[in-house]
Q: 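What follows is a single structure, and I will ask about it in a moment.
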Amino acid sequence: MNFSKEITHWYFQNKRDLPWRKTKDPYRIWLSEIMLQQTRVAQGLPYYQKFTEEFPTVYDLAKAEESHVLKLWQGLGYYSRARNLHFTAKDIVNNYNGEFPNTYKALLKLKGVGDYTASAIASICFDEIEPVVDGNVYRVLARYFDIDIPINSTEGIKTFKKLAFEVIDPKDPANFNQAIMEFGAVQCKPQSPNCTICPLASSCLGLKNKRVGILPVKLKKTKVKNRWFNYLVVVSTQEQTLLEERKGKGIWQGLYQFPLLETTKEVENIEKYQAEIEEIINIKDFSITQFNKKIKVHKLSHQHLHTTFWIVETANSLKNGISLQEIRKYPVPILIGNFIEEFNF
DNA sequence: AATTCGGGGGA
DNA sequence: TCCCCAGAATT
């Protein structure tokens, strides 16, 4: 049996029972693909359930408030995916008569849909012969053919896409694409793959040359930056607090947070920042205490956020205050969400 | 071509 | 700790 036949055969015997494998509805396939970008199946699954329940069709998603979409997305990360998801839902309803385009080329025009996702939808929903190349496919191909070109280099991206075209089963691209990804996720996994039970072991060049452990090769990533976040949790006597929306560039666009004082290092004397704090929260009369004496380091892939929460008590009424009853309706970074649960106002 | 977008899980 | 995850958009 050749490579693609063996992969597909393995798939039919070993595939997991996942909800998006029960449909060819482009809306649901699109939804699942966006959610699973850089995200494990186990992490994305509950979000897929929530979204399909709350927004059964693209029309339901299109008419939702963006903050509602972000709230349901809360905790999944890479929030531009959620904003682009909502934008494209409206785009489909307004400019495509509610129907997804049915070719790879046309799908690529949708915001948030790149090469991988366009290939996935085109092949799974419309049986187009277009190979998907995700992290799993890079790994399977690099190992099986023993290729050490860095997968995140320009040459690597081009080489592996070409190779994927050569191995795809033209008679069943939908199942082949899902098969090679599933194979990568379950059998040819990143750490300690069990090659002794692999159906492709006899023809795998990486295994033959004892290079499975170093493949695939990836260019090194940039180092993380450190930032110091001081959140100002205003507590008024009227059961209110302040939240602000993150706008502009950077992390967590469109999500809410407590007013933020960002510093270049750990704050030791909060009194030194009295004037800045007054300006940020627009209150002069307050007392301030530190909630967590130990700074928590919230680790993102490219930033380490050294965060602490300051409780700011005031008798003033808040101009743009929100009631504490409403606080859980706002989409917030998981960091803020955890604090809200812990502090419990 | 390189960087920037989260958060969680496994070794 | 470090790496990776059904990548895309921006710089």
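Chain identifiers are assigned alphabetically (A, B, ...) following the order of the sequence lines, protein sequences preceding nucleic acid strands; residue numbering begins at 1 within each chain.
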Q: Just the rounded figure in Å: distance from P of C:dA6 to CG of A:D115.
A: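 From A:D115 CG to C:dA6 P: 17 Å.
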
Q: Does the ring centre of A:F55 sit less than 6.0 Å away from the ring centre of A:Y27?
A: no

Q: Salt bridge check: are A:D127 and A:K24 linked by an N-O gap of less than 4.0 Å?
A: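 Result for this pair is yes, salt bridge flagged.
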
Q: Atom CG of A:N152 and atom C1' of C:dC4: how far apart are they, to the nearest Å?
A: 12 Å

Q: For B:dG8 and C:dA8, measure between their P atoms and round to the nearest Å.
A: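 The same atom, P, in both gives a distance of 23 Å.
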
Q: Would you call A:K111 and A:D91 a salt bridge, using N to O less than 4.0 angstrom?
A: no

Q: Round to a whole Å and report the spacing from CZ of A:R83 to C1' of B:dG6.
A: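 Computing the A:R83:CZ to B:dG6:C1' distance gives 12 Å.
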
Q: For the side chain of A:E33, counting heavy atoms from C-beta on, which of B:dC5, C:dA8, C:dA6 is nearest?
A: C:dA6

Q: Taking atom types as modelled, is there a side-chain donor on A:T39 or A:R81 under 3.5 Å from an acceptor on the other?
A: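 Looking only at side-chain atoms, A:R81 and A:T39 do form a donor-acceptor pair, the distance falling under 3.5 Å.
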
Q: Which part of the nucleic acid does A:Q253 contact within heavy-atom distance under 4.0 Å: base, sugar-phosphate only, or nothing?
A: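 The answer is nothing, as A:Q253 stays clear of every strand by at least 4.0 Å.
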
Q: Quick test of your reading of the model: are A:K161 and A:E130 salt-bridged, counting only N-O distances below 4.0 Å?
A: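 Yes, charged N to carboxylate O under 4.0 Å.
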
Q: In whole angstroms, how far is the C1' atom of C:dA8 from the NZ atom of A:K249?
A: 17 Å

Q: If you look at every strand shown and take non-hydrogen atoms under 4.0 Å, does A:K223 touch a base, only sugar-phosphate, or nothing?
A: nothing

Q: With heavy atoms under 4.0 Å as the rule, sort A:W20 into base, sugar-phosphate or nothing.
A: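 Touches a base.
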
Q: Nearest-nucleotide wise, let me know which of A:Q37 and A:L219 is further upstream toward the 5' end of DNA chain B.
A: A:L219

Q: Categorize A:T117 for me: base, sugar-phosphate, or nothing, with a 4.0 angstrom heavy-atom threshold over every strand shown.
A: sugar-phosphate

Q: How long is the line joining NZ of A:K218 and C1' of C:dC3, in whole Å?
A: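 To the nearest whole Å, that distance equals 8 Å.
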
Q: By nearest atom, which of the nucleotides C:dA6, B:dC5, C:dC4 is closest to the A:P190 side chain?
A: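 Side chain of A:P190 sits closest to C:dC4.
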
Q: For A:G250, answer base if it contacts any base atom (sugar-phosphate contacts may also be present), sugar-phosphate if it contacts only those atoms, and nothing otherwise; contact means non-hydrogen atoms under 4.0 Å.
A: sugar-phosphate

Q: Any chance you could lay out the salt bridge (charged side-chain N to carboxylate O under 4.0 Å, His left out) test for A:E278 and A:K284, step after step, and finish with the verdict?
A: CA-CA 5 Å; A:E278 285 180 11; A:K284 290 190 185 305; 3.5 Å; yes

Q: Without decimals, in angstroms, what is the distance between A:M181 CE and C:dC5 P?
A: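 In whole Å, C:dC5 P and A:M181 CE are 13 Å from each other.
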
Q: Write out all pairs satisfying salt bridge (Lys or Arg N to Asp or Glu O under 4.0 Å) with one or both partners inside residues 43-62 of chain A, taking only residues at least two apart or from two chains.
A: A:D60-A:K63

Q: Pick base, sugar-phosphate or nothing for A:V132, based on heavy-atom distances below 4.0 Å to the nucleic acid.
A: nothing

Q: Need to verify one output field. Residue with the more 5' nearest nucleotide on DNA chain C, A:V41 or A:L110?
A: A:V41

Q: Could you spell out the base pairing of DNA chain B in dot-bracket, with Watson-Crick or G-U pairs whose two distances are under 3.5 Å, [ ] crossing and | to another strand?
A: |||||.|||||

Q: Should A:R139 be listed as having a side-chain N or O under 4.0 Å from OP1 or OP2 of C:dC5?
A: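 So the side-chain polar atoms of A:R139 do come within 4.0 Å of the phosphate oxygens OP1 or OP2 of C:dC5, strictly under.
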
Q: Using distance alone, with no hydrogens and no angle criterion, decide if A:N230 and A:T263 have a side-chain donor and acceptor under 3.5 Å apart.
A: yes

Q: Taking only side-chain nitrogens and oxygens of A:H302, does any of them come within less than 4.0 Å of OP1 or OP2 of B:dC5?
A: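 For B:dC5, OP1 or OP2 has a side-chain N or O of A:H302 closer than 4.0 Å.
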
Q: Quantified in whole Å, what is the P atom distance between nucleotide B:dC5 and nucleotide C:dA6?
A: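 Roughly 23 Å separates the two P atoms.
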
Q: So what does A:N177 hit on the nucleic acid, given a heavy-atom distance under 4.0 Å: a base, only sugar-phosphate, or nothing?
A: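 Since no nucleic acid heavy atom lies under 4.0 Å of A:N177, the category is nothing.
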
Q: Rounded to whole Å, please give me the gap between CG in A:L36 and C1' in B:dG6.
A: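 One finds 15 Å between C1' of B:dG6 and CG of A:L36, rounded.
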
Q: Base, sugar-phosphate, or nothing: which does A:R16 touch, judged by heavy atoms less than 4.0 Å apart?
A: nothing

Q: Under 4.0 Å between a side-chain N or O of A:K189 and OP1 or OP2 of C:dC5?
A: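 Answer is no, no contact under 4.0 Å.
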
Q: Roughly, in whole Å, what's the span from CZ in A:F229 to P in B:dG6?
A: 11 Å

Q: Can you name the closest pair of heavy atoms from A:V233 and A:F309 and give their distance?
A: CG2-CD2, 3.9 Å

Q: Would you mind checking if A:K22 and A:D17 are paired as a salt bridge, meaning a charged N to carboxylate O distance below 4.0 Å?
A: yes

Q: Could you list all N or O pairs between the protein and nucleotides 7-10 of chain B that sit under 3.5 Å apart?
A:
residue, atom, partner, partner atom, Å
B:dG7, OP1, A:Y79, OH, 3.1
B:dG7, OP1, A:I334, N, 3.3
B:dG7, OP2, A:W252, NE1, 3.4
B:dG7, OP2, A:H298, NE2, 2.9
B:dG7, N2, A:Q43, OE1, 3.4
B:dG8, N2, A:R40, NE, 3.3
B:dG8, N2, A:R40, NH2, 3.1

Q: I'd like to know if A:R16 and A:E182 make a salt bridge, using a cut-off of under 4.0 Å between side-chain N and carboxylate O.
A: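 Counted as a salt bridge, because a side-chain N and a carboxylate O are separated by less than 4.0 Å.
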
